[in-house]
Number of protein chains: 2
Amino acid sequence: MPPVFAHGELRLYLLVLLLDGPRHGYELITELTRRFGGTYRPSAGTIYPRLARLEEEGLVRRSVPGEPGSPGVGRKATYELTPAGHAEIEARFDDVKRLERSVAETVRSLADEVRADVRDTMRGLRAELAAAAQEVRTRPRPGTAPDPRRTQSNSLRHDAEAVLQRFRNDVLADLREADVAGTVSALTVETLRTVLDSARSAIRGTLPHSTTSPPGRADRTEPE
Amino acid sequence: MPPVFAHGELRLYLLVLLLDGPRHGYELITELTRRFGGTYRPSAGTIYPRLARLEEEGLVRRSVPGEPGSPGVGRKATYELTPAGHAEIEARFDDVKRLERSVAETVRSLADEVRADVRDTMRGLRAELAAAAQEVRTRPRPGTAPDPRRTQSNSLRHDAEAVLQRFRNDVLADLREADVAGTVSALTVETLRTVLDSARSAIRGTLPHSTTSPPGRADRTEPE
DNA sequence: ACCTCAGACACGATATATCGCGTTCTTCGA
DNA sequence: TCGAAGAACGCGATATATCGTGTCTGAGGT
């Protein structure tokens, strides 16, 4: 999924949020979530480094507990705009306006909502695999199992490929038909992407692979 | 939602998990998630207090960084069973066995719930997606730049086909790899079937209902 | 003008800790 | 033995910090 905020945008938006008064890091997270109607929730790993940088640059002031670098933590650090922070916002007023419009539009988009919905639904399918896998695990095969595993896997793979082939043909047909009517929308492509992504996760989940994933697997060799 | 673990169950299950060796708190969270197929992910607020208590009772030993009570944090605390911890497990062996059965059953029933749920959700989702698609279609896009949305459907279809193609290649690759290891199971085929079914529903939902071509389309003629 | 490459950045994953709510279990006294 | 108070517990929400990956940008060199 592409980032919600482009390069310097989150940084700027945090300053804008602080215009309403001092906030904790966590408050900024929840406020952002609220403004996006729940479709986007920035992670802590997004917010805190940004706030640390802004403090470093003197645009915000952090109060109360120990510095973030030290092991001493102390809950609830409050951030507030410095004069330099206010100046930055005024200097980039055009960017601020543009950003606010862009956020509003993102929120309006239904596709995001649907996307999240679909993902949630598909996530649940993983449970099916877990259940069946558990059953297989807890109920070991009766009697001695010679070695039919290999040949079985092979024939099963054949079945899987057939299922996949059929699916592809069906979707292709749907697509062609819709195209004639000129009704293929961006939403279709987006949904396809999301759904197939989830599908692949589910399928991979049925194939044993360690969760800690020791294999480096050089599958990052081709840029796009 | 009712708790997944009853009163002392999580406590006991954590000890069982530590039988496999020392673990960090976070590792225990992910391991539990894995065992429940993603349907249950204990929050940090569930795990860490429990571990702290277990340490207090002398059933586990915590190593490396500062005490949890103090503000000093220090990443990565490792927990391991003490002799007393091992003794506890042995003493409550019956409970352990019962718990393991119960977990397996819980997972299975959760899966059933989800399975039943998926169809419903998908059904509702179809309507939602259709509505969204309708809106997108009838009201091109107000905010963004003036697009020449002439052969848009056609180009979009091209995108969709590319996505589909890539998905097919990826899954085929997964299948081949798994086959070499002989790990393609009936479960894989079953999951594939279910997931692709749901996927197709979602995709079709974004396309207008083609009343001219009912479900006919000879998709039940293949023997299995 | 074109390339590159280091630094900034967005983001999910990893990691840990506390608080408050609602439920369950365990005494202990009536 | 029954019932109630309090401890223990499960759990989501609150709170903060770091790491690794992938992307983008701009300054410098060619």
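What's counted below: heavy atoms across the whole structure, side chains too, no hydrogens, waters or symmetry copies. Each chain gets a letter, A, B and so on, in the order the sequences are listed, and its residues count up from 1.
Using cut-offs of 30° and 60° for the angle between ring planes, the A/Phe5 and A/Tyr13 rings count as tilted.
Here C/dT16 presents its C1' atom at 15 Å from OH of A/Tyr26, a figure rounded to the nearest Å. Atom pair B/Ile47:CD1 and D/dG10:P shows a separation of 9 Å (rounding to whole Å applied). Distance CG (B/Leu10) to C1' (D/dC11): 10 Å, rounded to an integer number of Å. Look at CZ on A/Phe5: it is 17 Å from C1' on D/dC24, rounded to the nearest Å. Regarding B/Arg23, its CZ atom lies at a distance of 16 Å from the C1' atom of C/dA15, rounded to whole Å. Atom CD of A/Glu27 and atom C1' of D/dA13 are 14 Å apart (whole Å). Rounded to whole Å, the distance from CZ on A/Arg41 to C1' on C/dA13 is 15 Å. In this entry the distance linking NZ of A/Lys76 with P of D/dT14 reads 10 Å, nearest Å.
With DNA chain D read from its 5' end, the first of the two nearest nucleotides for B/Leu12 and B/Ala44 is the one closest to B/Leu12. Between B/His24 and B/Gly8, it is B/His24 whose nearest contact on DNA chain C lies nearer the 5' terminus. Heavy-atom nearest nucleotides on DNA chain C were determined for A/Thr46 and for B/Ile29, and the one closer to the 5' end corresponds to A/Thr46.
Note on B/Gly25: only backbone sugar-phosphate atoms sit closer than 4.0 angstrom, heavy atoms only; bases stay farther off. Looking at heavy-atom distances under 4.0 Å, A/Pro49 makes contact with a base.
Between C/dA17 and B/Tyr48, no contact under 4.0 Å exists linking OP1 or OP2 to a side-chain N or O. Put simply, A/Tyr40 has a side-chain N or O that comes within less than 4.0 Å of OP1 or OP2 on C/dC11.
The salt bridge (charged side-chain N to carboxylate O under 4.0 Å, His left out) check on A/Glu80 picks up A/Arg61, with sequence neighbours excluded. Take A/Arg11 and apply the salt bridge (charged side-chain N to carboxylate O under 4.0 Å, His left out) test, not counting sequence neighbours, and it matches A/Glu57, A/Glu88.
Results of the side chain to side chain contact (heavy atoms under 4.5 Å, CB included) test with B/Ile89 over B/Leu81, B/Leu18, B/Leu59 single out B/Leu81 as the only residue that passes.
Comparing D/dA17, C/dT16, C/dA17 by their closest approach to the side chain of B/Ala77 singles out C/dT16.
With a 4.5 Å cut-off on side-chain heavy atoms, A/Leu15 and A/Val60 count as touching.
At a cut-off of 3.5 angstrom, counting only N and O atoms as typed in the model, there is a donor on one side and an acceptor on the other between the side-chain of B/Ser43 and the base of D/dG12.
Nearest heavy atoms, A/Thr33 versus A/Pro42: OG1-CD, 4.2 Å. When every heavy atom of A/Gly25 is checked against every heavy atom of A/Ile47, the shortest pair comes out as O-CG2, 4.1 Å.
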Please list, pair by pair, any protein nitrogen or oxygen found under 3.5 Å from a nitrogen or oxygen in nucleotides 6-8 of chain C.
unit_1: C/dA8; atom_1: OP1; unit_2: A/Arg53; atom_2: NH2; d: 3.3

